[in-house]
Asker: 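Pasting a structure here, questions to come.
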Amino acid sequence: IRDVYKRQVYRLARSGSGRIQEKELMETRKSRIIDQIHQAKALLEELENRDDLLEKIVLASELFSASISSGGKVFSCGNGGSMSDAMHFAEELTGKFRDERRAIPAIAISDPGHISCVANDFGYEYIFSRYIEAHGGPNDALLAISTSGNSQNVINAAKEAGNLGM
(Lines give C-alpha, C1' and ligand atoms only; values in the text may rest on other atoms or scores of the structure.)
Protein backbone atom coordinates (compact mmCIF):
# COMPACT_ATOMS: atom_id res chain seq x y z
CA ILE A 1 0.00 0.00 0.00
CA ARG A 2 2.80 2.35 0.89
CA ASP A 3 4.47 1.71 -2.50
CA VAL A 4 1.24 2.43 -4.38
CA TYR A 5 0.84 5.65 -2.42
CA LYS A 6 4.45 6.64 -3.14
CA ARG A 7 3.94 6.04 -6.88
CA GLN A 8 0.83 8.22 -6.88
CA VAL A 9 2.63 10.95 -4.96
CA TYR A 10 5.58 10.72 -7.36
CA ARG A 11 3.24 11.13 -10.33
CA LEU A 12 1.68 14.17 -8.66
CA ALA A 13 5.10 15.64 -7.94
CA ARG A 14 6.06 15.29 -11.59
CA SER A 15 2.87 17.09 -12.57
CA GLY A 16 4.16 20.24 -10.88
CA SER A 17 1.69 20.66 -8.04
CA GLY A 18 2.82 17.69 -6.01
CA ARG A 19 2.79 19.03 -2.45
CA ILE A 20 -0.69 20.49 -2.69
CA GLN A 21 -2.13 17.45 -4.45
CA GLU A 22 -0.34 15.05 -2.07
CA LYS A 23 -2.03 16.72 0.90
CA GLU A 24 -5.41 16.73 -0.90
CA LEU A 25 -4.98 13.06 -1.78
CA MET A 26 -4.25 12.21 1.85
CA GLU A 27 -7.23 14.23 3.08
CA THR A 28 -9.55 12.62 0.51
CA ARG A 29 -8.46 9.15 1.57
CA LYS A 30 -8.80 9.96 5.25
CA SER A 31 -12.27 11.35 4.57
CA ARG A 32 -13.30 8.13 2.77
CA ILE A 33 -12.02 6.01 5.65
CA ILE A 34 -13.89 8.15 8.18
CA ASP A 35 -17.07 7.82 6.07
CA GLN A 36 -16.71 4.02 6.14
CA ILE A 37 -16.18 4.07 9.91
CA HIS A 38 -19.34 6.19 10.33
CA GLN A 39 -21.33 3.79 8.15
CA ALA A 40 -20.13 0.80 10.18
CA LYS A 41 -20.93 2.62 13.43
CA ALA A 42 -24.44 3.46 12.19
CA LEU A 43 -25.07 -0.17 11.24
CA LEU A 44 -23.90 -1.40 14.64
CA GLU A 45 -26.12 1.15 16.37
CA GLU A 46 -29.05 0.02 14.24
CA LEU A 47 -28.34 -3.61 15.14
CA GLU A 48 -28.22 -2.67 18.80
CA ASN A 49 -31.83 -1.45 18.50
CA ARG A 50 -33.18 -4.38 16.48
CA ASP A 51 -34.59 -6.82 19.02
CA ASP A 52 -35.74 -9.16 16.24
CA LEU A 53 -32.18 -9.59 14.95
CA LEU A 54 -30.64 -9.75 18.40
CA GLU A 55 -33.06 -12.54 19.34
CA LYS A 56 -31.98 -14.49 16.23
CA ILE A 57 -28.32 -14.06 17.15
CA VAL A 58 -29.03 -15.27 20.69
CA LEU A 59 -30.95 -18.26 19.33
CA ALA A 60 -28.08 -19.13 16.97
CA SER A 61 -25.55 -18.94 19.81
CA GLU A 62 -27.79 -21.20 21.95
CA LEU A 63 -28.06 -23.71 19.09
CA PHE A 64 -24.28 -23.73 18.60
CA SER A 65 -23.73 -24.13 22.35
CA ALA A 66 -26.20 -27.01 22.55
CA SER A 67 -24.52 -28.69 19.59
CA ILE A 68 -21.07 -28.40 21.12
CA SER A 69 -22.30 -29.48 24.57
CA SER A 70 -23.79 -32.63 23.08
CA GLY A 71 -20.53 -33.60 21.39
CA GLY A 72 -21.30 -32.08 18.02
CA LYS A 73 -19.33 -29.71 15.84
CA VAL A 74 -20.13 -26.52 13.97
CA PHE A 75 -19.80 -26.45 10.18
CA SER A 76 -19.76 -23.18 8.27
CA CYS A 77 -20.03 -22.35 4.57
CA GLY A 78 -20.42 -19.49 2.13
CA ASN A 79 -19.28 -18.20 -1.25
CA GLY A 80 -16.60 -15.59 -1.95
CA GLY A 81 -16.25 -13.19 0.97
CA SER A 82 -18.80 -15.26 2.87
CA MET A 83 -16.47 -18.25 2.57
CA SER A 84 -13.75 -16.12 4.11
CA ASP A 85 -16.16 -15.25 6.92
CA ALA A 86 -17.03 -18.94 7.35
CA MET A 87 -13.34 -19.82 7.54
CA HIS A 88 -12.64 -17.04 10.02
CA PHE A 89 -15.58 -18.13 12.18
CA ALA A 90 -14.36 -21.73 12.31
CA GLU A 91 -10.78 -20.71 13.05
CA GLU A 92 -11.86 -18.45 15.91
CA LEU A 93 -13.66 -21.42 17.45
CA THR A 94 -10.76 -23.83 17.04
CA GLY A 95 -8.24 -21.14 17.99
CA LYS A 96 -8.41 -18.50 20.68
CA PHE A 97 -11.25 -16.02 20.49
CA ARG A 98 -10.76 -13.55 23.34
CA ASP A 99 -10.29 -16.11 26.15
CA GLU A 100 -8.07 -19.09 26.88
CA ARG A 101 -10.29 -22.16 26.53
CA ARG A 102 -10.45 -25.57 25.00
CA ALA A 103 -10.72 -25.67 21.22
CA ILE A 104 -14.28 -25.86 19.94
CA PRO A 105 -14.85 -28.33 17.09
CA ALA A 106 -15.60 -26.26 14.00
CA ILE A 107 -15.00 -26.83 10.30
CA ALA A 108 -15.33 -24.43 7.38
CA ILE A 109 -16.30 -26.21 4.18
CA SER A 110 -13.50 -24.77 2.09
CA ASP A 111 -11.34 -27.67 0.90
CA PRO A 112 -10.51 -26.91 -2.75
CA GLY A 113 -10.16 -30.60 -3.58
CA HIS A 114 -13.66 -31.34 -2.29
CA ILE A 115 -15.16 -28.25 -3.91
CA SER A 116 -13.68 -28.92 -7.36
CA CYS A 117 -14.52 -32.63 -7.21
CA VAL A 118 -18.17 -32.13 -6.26
CA ALA A 119 -18.59 -29.18 -8.62
CA ASN A 120 -17.25 -31.32 -11.47
CA ASP A 121 -19.20 -34.49 -10.60
CA PHE A 122 -22.52 -33.07 -9.34
CA GLY A 123 -22.55 -29.32 -9.91
CA TYR A 124 -21.50 -26.28 -7.93
CA GLU A 125 -24.88 -26.13 -6.20
CA TYR A 126 -23.97 -29.29 -4.22
CA ILE A 127 -20.47 -28.42 -2.99
CA PHE A 128 -21.60 -27.76 0.59
CA SER A 129 -24.51 -30.18 0.91
CA ARG A 130 -22.37 -33.17 -0.13
CA TYR A 131 -19.88 -32.29 2.60
CA ILE A 132 -22.68 -32.06 5.17
CA GLU A 133 -24.08 -35.36 3.92
CA ALA A 134 -20.69 -37.02 4.37
CA HIS A 135 -19.63 -35.49 7.69
CA GLY A 136 -22.68 -34.01 9.41
CA GLY A 137 -24.70 -35.61 12.16
CA PRO A 138 -27.71 -34.90 14.37
CA ASN A 139 -25.64 -33.22 17.11
CA ASP A 140 -23.92 -30.87 14.68
CA ALA A 141 -24.84 -27.33 13.62
CA LEU A 142 -24.39 -25.33 10.42
CA LEU A 143 -23.65 -21.65 9.98
CA ALA A 144 -24.74 -20.99 6.38
CA ILE A 145 -23.68 -17.53 5.18
CA SER A 146 -25.20 -15.87 2.11
CA THR A 147 -25.37 -12.11 1.68
CA SER A 148 -28.09 -12.43 -0.96
CA GLY A 149 -29.93 -15.34 0.65
CA ASN A 150 -30.18 -16.87 -2.83
CA SER A 151 -27.01 -18.97 -3.09
CA GLN A 152 -28.32 -22.37 -4.10
CA ASN A 153 -25.30 -24.24 -2.74
CA VAL A 154 -25.76 -22.62 0.69
CA ILE A 155 -29.52 -23.28 0.60
CA ASN A 156 -28.85 -26.93 -0.29
CA ALA A 157 -26.43 -27.22 2.62
CA ALA A 158 -29.08 -25.88 5.01
CA LYS A 159 -31.63 -28.33 3.61
CA GLU A 160 -29.22 -31.25 4.00
CA ALA A 161 -28.44 -30.16 7.56
CA GLY A 162 -32.18 -30.21 8.25
CA ASN A 163 -32.50 -33.67 6.71
CA LEU A 164 -29.80 -34.91 9.09
CA GLY A 165 -31.47 -33.33 12.13
CA MET A 166 -28.77 -30.75 12.60
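Counting from 1, the numbers follow the sequence of the chain as shown. Values in this document were obtained by computation on a predicted structure and should not be read as measured data.
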Asker: Restricting to side chain to side chain contact (heavy atoms under 4.5 Å, CB included), what partner residues turn up for A119, sequence neighbours left out?
Answerer: Y124, I127

Asker: In this structure, are over 12 heavy atoms from other groups packed under 6.0 Å from R32 atom CZ?
Answerer: no

Asker: Give the cluster check for L93 versus F75: same hydrophobic cluster or not, with ILVMFWY residues linked at side-chain heavy-atom distances below 4.5 Å.
Answerer: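 They do not share one cluster, since no chain of ILVMFWY contacts under 4.5 Å joins L93 to F75.
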
Asker: Suppose we screen for salt bridge (charged side-chain N to carboxylate O under 4.0 Å, His left out). Which residues come up paired with K96, at least two apart in sequence or across chains?
Answerer: E100

Asker: May I ask you to test the V154-F128 pair for a side-chain heavy-atom distance under 4.5 Å?
Answerer: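 When only atoms from C-beta onward are counted, F128 and V154 do touch, with a gap below 4.5 Å.
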
Asker: Can you name the residues that form a side chain to side chain contact (heavy atoms under 4.5 Å, CB included) with L143, not counting sequence neighbours?
Answerer: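 Residues passing side chain to side chain contact (heavy atoms under 4.5 Å, CB included) with L143: F64, S76, F89, I145.
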
Asker: Kindly work out whether a path of hydrophobic side-chain contacts (I/L/V/M/F/W/Y, heavy atoms less than 4.5 Å apart) joins I107 to V118.
Answerer: yes

Asker: If you measure from CG on L44 to CD on E46, what distance do you get to the nearest 0.5 Å?
Answerer: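 If I round to the nearest 0.5 Å, the distance is 10.0 Å.
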
Asker: With sequence neighbours left out, write down each residue that passes side-chain hydrogen bond (donor to acceptor under 3.5 Å, both in side chains) with D52, or none if nothing qualifies.
Answerer: R50

Asker: When rounded to the nearest 0.5 angstrom, what is the spacing between CD in Q152 and NZ in K159?
Answerer: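 One gets 5.5 Å once the value is rounded to the nearest 0.5 Å.
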
Asker: Quick check: is Y126 connected to L142 through a chain of hydrophobic side chains (ILVMFWY, heavy atoms under 4.5 Å apart)?
Answerer: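 Yes.
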
Asker: How many angstroms lie between NZ in K73 and CG in N139, if you round to the nearest 0.5 Å?
Answerer: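 That separation rounds to 8.5 Å.
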
Asker: According to side-chain hydrogen bond (donor to acceptor under 3.5 Å, both in side chains), who are the partners of D85, at least two apart in sequence or on a separate chain?
Answerer: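 Expected list: none.
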
Asker: How is the hydrophobic cluster of V58 composed, in terms of its other members, when Ile, Leu, Val, Met, Phe, Trp and Tyr link through side-chain heavy atoms under 4.5 Å apart, directly or indirectly?
Answerer: none

Asker: Same hydrophobic cluster for M87 and F97, using side-chain heavy-atom links shorter than 4.5 Å among ILVMFWY?
Answerer: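 The answer is no; the residues belong to distinct hydrophobic clusters.
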
Asker: How long is the gap from CG on L164 to CD1 on I132, to the nearest 0.5 Å?
Answerer: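 Rounded to the nearest 0.5 Å, the CG-CD1 separation comes out at 8.0 Å.
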
Asker: Do S31 and D35 have side chains that approach each other closer than 4.5 Å (heavy atoms only, starting at C-beta)?
Answerer: yes

Asker: Just verifying a value: how many Å separate S70 OG and I68 CD1, rounded to the nearest 0.5 Å?
Answerer: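 Between S70 OG and I68 CD1, I get 9.0 Å after rounding to 0.5 Å.
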
Asker: Which residues pass the side-chain hydrogen bond (donor to acceptor under 3.5 Å, both in side chains) test with T94, not counting sequence neighbours?
Answerer: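 side-chain hydrogen bond (donor to acceptor under 3.5 Å, both in side chains) list for T94, sorted by chain: E91.
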
Asker: Once side chain to side chain contact (heavy atoms under 4.5 Å, CB included) is applied, do any residues pair with R102, and if so which ones, sequence neighbours excluded?
Answerer: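 R102: no side chain to side chain contact (heavy atoms under 4.5 Å, CB included) contacts found.
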
Asker: Go through the structure and list residues passing side-chain hydrogen bond (donor to acceptor under 3.5 Å, both in side chains) with H135, not counting sequence neighbours.
Answerer: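 Expected list: none.
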
Asker: So which heavy atom on S110 is nearest to which on M83, and how close?
Answerer: CB-SD, 3.9 Å

Asker: So which heavy atom on D140 is nearest to which on G137, and how close?
Answerer: OD2-N, 2.7 Å

Asker: Answer yes or no: is there a donor N or O on one side and an acceptor on the other, between the side chain of D111 and the main chain of G113, under 3.5 Å?
Answerer: yes

Asker: State, to 0.1 Å, how close S151 and S146 come at their nearest heavy-atom pair, and which atoms those are.
Answerer: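 What the structure gives for the nearest pair is OG-OG, 3.3 Å.
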
Asker: Has the side chain of N156 got a donor or acceptor atom that lies under 3.5 Å from a matching backbone atom of E125?
Answerer: yes

Asker: Sequence neighbours excluded, which residues qualify as salt bridge (charged side-chain N to carboxylate O under 4.0 Å, His left out) partners of E133?
Answerer: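 Only R130 meet the salt bridge (charged side-chain N to carboxylate O under 4.0 Å, His left out) criterion with E133.
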
Asker: Going by side chain to side chain contact (heavy atoms under 4.5 Å, CB included), name the residues that satisfy it together with L59, two or more places apart in sequence or in a different chain.
Answerer: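 With sequence neighbours excluded, L59 shows a side chain to side chain contact (heavy atoms under 4.5 Å, CB included) to E62, L63, given in chain and number order.
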
Asker: Considering non-hydrogen atoms only, spot the tightest contact between A157 and C77 and give its length.
Answerer: CB-SG, 4.1 Å

Asker: With sequence neighbours excluded, tell me which residues meet salt bridge (charged side-chain N to carboxylate O under 4.0 Å, His left out) with K30.
Answerer: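 With neighbours one apart ignored, the set is E27.
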
Asker: Distance from N150 atom CG to I155 atom CD1, nearest 0.5 Å?
Answerer: 6.0 Å

